[in-house]
Amino acid sequence: MANVATHHTTALTAAEIAALGLSLAHLGTGPQAATARRALRTLIDLDAHHDEVVTATLATLTAPLDASTADRARVVAAAISDHRVVRLCYGDADANVTIREVEPVTCLVHRDHWFLVGWCRLRRGVRAFRFDRVLAVESTGMPARPRNAARYLPFQPRTKTAA
């Protein structure tokens, strides 16, 4: 039995790329993480000619997170998998700090930043939270409503049914 997988072109959806990226983001810098990031770069063809936004986004997606952000990413990833509400201590762009309960749905990367996307109970709507502005995160243990991640990613067509 060969220890080599054959490569065939398979398009990944934005939701699949986000899930893979989040899974890799908190692995750290060990040899398995480096190998997994290399595989993701191959899958999304990081060396292809992309515009600067796509290039920056893919570089961020495949780079390891710093230790404190990786810790927050682990809490978020577990909450997404377990459909649990998280409590965020969040500082916005104007340095206003709020405590928010969020039903996390997915994570995404745009340019140099990771975002948690979910239903914010405080604002009663979909919001994106930059990971570097999340000062603290914890699971509340409360169940979150399961939501279709693809509907929470940007540039999705709107439908009449709720998420």
Side-chain angles (χ1 to χ4, degrees), residues 12-30 32-34 36-41 43-44 46 50 52-156 158 162-163:
L12 296 175
T13 66
E16 290 167 338
I17 291 171
L20 285 171
L22 179 61
S23 297
L24 292 176
H26 60 78
L27 285 179
T29 58
Q32 293 298 321
R37 283 188 191 87
R38 192 169 49 253
L40 182 59
R41 280 193 296 272
L43 279 174
I44 58 181
L46 188 61
H50 300 291
E52 73 177 64
V53 173
V54 172
T55 300
T57 300
L58 295 178
T60 300
L61 181 69
T62 57
L65 295 174
D66 64 79
S68 63
T69 305
D71 288 342
R72 293 190 301 272
R74 275 189 281 282
V75 173
V76 168
I80 290 169
S81 296
D82 297 340
H83 301 291
R84 297 290 177 198
V85 175
V86 293
R87 184 171 298 115
L88 303 178
C89 179
Y90 188 73
D92 67 15
D94 296 322
N96 299 309
V97 176
T98 55
I99 304 297
R100 299 170 182 237
E101 288 184 354
V102 176
E103 297 179 30
V105 177
T106 192
C107 292
L108 60 88
V109 175
H110 180 67
R111 294 187 187 240
D112 300 331
H113 301 289
W114 276 91
F115 294 86
L116 161 61
V117 180
W119 181 264
C120 178
R121 291 182 169 182
L122 177 68
R123 300 292 187 234
R124 295 186 178 143
V126 177
R127 294 293 188 270
F129 301 94
R130 270 182 39 180
F131 268 43
D132 62 328
R133 293 182 181 157
V134 174
L135 306 172
V137 62
E138 65 181 358
S139 175
T140 65
M142 293 185 292
R145 179 178 168 194
R147 300 177 191 266
N148 181 351
R151 298 210 41 234
Y152 283 74
L153 296 170
F155 314 116
Q156 299 297 313
R158 298 290 178 215

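We count residues from 1, following the sequence as given.
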### Summary
Taking every heavy atom of Leu122 against every heavy atom of Ile99, the minimum-distance pair comes out as CD2-O, 4.3 Å
### Query
For the residue pair Phe131 and Trp114, does the interplanar ring angle fall in the parallel (under 30°), tilted (30 to 60°) or perpendicular (over 60°) class?
tilted
### Message
Test your reading of the model: is there a side-chain donor-acceptor pair from Glu103 to the backbone of Arg145, 3.5 Å cut-off?
### Response
yes
### Task
Without swapping roles, check the side chain of Asp66 against the backbone of Ser68 for a donor-acceptor pair under 3.5 Å.
yes
### Task
Would you indicate whether the side-chain heavy atoms of Arg72 and Val75 approach each other to under 4.5 Å?
no
### Asp132 and Thr69, any side-chain heavy atoms less than 4.5 Å apart
no
### Task
Without swapping roles, check the side chain of Arg133 against the backbone of Tyr90 for a donor-acceptor pair under 3.5 Å.
no
### Summary
Paired with Trp119, the side-chain contact (heavy atoms from CB on, under 4.5 Å) test is passed by just one of Val85, Val126, Val105, namely Val126
### Task
Heavy atoms only: give me the nearest Cys120-Val102 pair and the separation to one decimal.
CA-CG2, 4.4 Å
### Exercise: identify the closest heavy-atom pair between Val97 and Cys89
CG1-SG, 3.7 Å
### Task
Report the distance from atom CZ of Arg100 to atom CZ of Arg87, rounding to the nearest 0.5 Å.
14.0 Å
### Message
Just so I know, are the side chains of Asp92 and Thr98 near enough to count as touching, which here means a heavy-atom distance under 4.5 Å?
### Response
no
#### Entry: Inter-residue atom distance Ser139.OG - Asp82.CG, 0.5 Å rounding
7.5 Å
### Task
Please examine the side chains of Val134 and Leu116, heavy atoms only from C-beta on, and report whether any two atoms are closer than 4.5 Å.
no
